[in-house]
Amino acid sequence: MERIIEVKNLCMSYERAEVLHDVSFNLSAGEWLSIVGENGSGKTTLLKGIAGLLPVKGGEINFSSGVSRKTIGYLPQQTAIQRDFPACVHEVVLSGCTGSNRILGLHSAGDKKRAHEAIHELGIEEIHHRPYCDLSGGQQQRVLLARAFCATQKLLLLDEPVTGLDPVVSAEMYESIKTLNEKHGVAVIMVSHDIAGAVKYSDKILHIGNGVEFFGTTADYKTSSLGRRFAGD
Ligand code: ADP
């Protein structure tokens, strides 16, 4: 499989405090990588570094096989402001189409088609005219996933996509991500607290704590001492 991202000896910090030190991993087309680790270990910082939203202090993040920062779909951690976003579902999804030419906020026919496909694929047709702020947490996450999918055919970055959702809604969200991953071949890098979900769905695991504690296949993670401690047998 073609390599799409290679991270080498990455270091990131806020002011003087180093958050990530010497982090290396890679991902190939169509793979699903989960980044797990304690609170404060730097998972969100790492995802923002990959998305180009935060500068890196050392090391490299190299994209290949047609992937670039312009063609990544990003689902950020939800904030209270986002939850109150004053727009309808269709507009929120369409706002993910950032790669094509837009003049004065007008979207091309191609963008509208892509948004329509994303709405269909995520099963949110019935709510596409509703105000985003009136939706449940699970529906909002599904809309944000459709928005991120609009932006990419290659790589989705998902920050805590199921946090705050009940088990049934979480499972539905995971299945939607799986559809985008398996049916559409979109690679996924997901930050999660939910190690059981990460182990169930991903191909690879990056466990960070004091540096990289594990990087490899999910099968190897499950039999590692770290995996046995966190994911159980
Ligand atoms: P995680 O996602 O693993 O919980 P984060 O990447 O959010 O970890 O945070 C890693 C560390 O960086 C934490 O110690 C956090 O307090 C610190 N941090 C996060 N954001 C900022 C910021 N904007 N300014 C300064 N420190 C930050």
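These numbers were taken from a predicted model, which means no experiment stands behind them. All ligand and atom numbering here is 1-based and tracks the order in the structure. All values below were derived from every heavy atom in this structure, side-chain atoms included, with hydrogens, water molecules and symmetry-related copies excluded.
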Visitor: Considering only heavy atoms, does V19 approach ligand 1 within less than 4.0 Å through its side chain, its backbone, both, or neither?
Guide: side chain

Visitor: Looking only at protein heavy atoms, which one is nearest to atom 19 (C) of ligand 1, and what is the separation?
Guide: Y14 CE1, 3.5 Å

Visitor: Identify, by atom number and element, the atoms of ligand 1 in contact range of T45, meaning under 4.0 Å from any of its heavy atoms.
Guide: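 Answer, ordered by atom number: 5 (P), 6 (O), 9 (O), 10 (C).
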
Visitor: Measure the distances from the heavy atoms of G37 to every atom of ligand 1 and state whether one is below 4.0 angstrom.
Guide: no

Visitor: If you count the atoms of ligand 1 from 1 in the order shown, which ones are under 4.0 Å from a heavy atom of K43?
Guide: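 Those of ligand 1 that fall under 4.0 Å from K43 are 1 (P), 2 (O), 3 (O), 4 (O), 6 (O), 8 (O).
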
Visitor: For ligand 1, which atoms, with element, lie under 4.0 Å from some heavy atom of N39?
Guide: 4 (O)

Visitor: Verify the contact flag for atom 16 (O) of ligand 1, where contact means a protein heavy atom under 4.0 Å away.
Guide: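 Within 4.0 Å: no protein heavy atom nearby.
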
Visitor: Below 4.5 Å, heavy atoms only, C-beta onward: do V188 and L27 meet side chain to side chain?
Guide: no

Visitor: For atom 8 (O) of ligand 1, which protein heavy atom lies nearest, and how many Å away is it?
Guide: G42 N, 3.2 Å

Visitor: Report the distance from atom CD of Q77 to atom OG1 of T44, rounding to the nearest 0.5 Å.
Guide: 4.5 Å

Visitor: Of the backbone atoms (N, CA, C, O) and the side-chain heavy atoms from C-beta on, which set of E38 has a member under 4.0 Å from an atom of ligand 1: side chain, backbone, both, or neither?
Guide: backbone

Visitor: Classify the angle between the aromatic ring planes of Y201 and Y174 as parallel (below 30°), tilted (30 to 60°) or perpendicular (above 60°).
Guide: parallel

Visitor: Is it possible for you to check whether R114 lies under 6.0 Å from the centre of the six-membered ring of F149, through NZ or CZ, and within 45° of that ring's axis?
Guide: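 Yes, a cation-pi geometry holds between R114 and F149.
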
Visitor: I need the nearest protein heavy-atom contact for atom 7 (O) of ligand 1: residue, atom name and distance, please.
Guide: T44 CB, 3.8 Å

Visitor: I need the minimum non-hydrogen distance between C150 and A115, along with the two atoms involved.
Guide: SG-CA, 3.5 Å

Visitor: Checking side-chain hydrogen bond (donor to acceptor under 3.5 Å, both in side chains) for the pair E6/S64: CA distance, chi angles, key distance, verdict?
Guide: CA-CA 8 Å; E6 175 98 41; S64 51; over 6 Å; no

Visitor: Shared ILVMFWY cluster between L155 and L54, side chains joined below 4.5 angstrom?
Guide: yes

Visitor: Answer yes or no: is there an ion pair linking K183 with E121, defined by an N-O contact shorter than 4.0 Å?
Guide: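 Yes.
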
Visitor: Any idea which protein heavy atom is nearest atom 14 (O) of ligand 1, and the distance to it?
Guide: G40 O, 4.0 Å

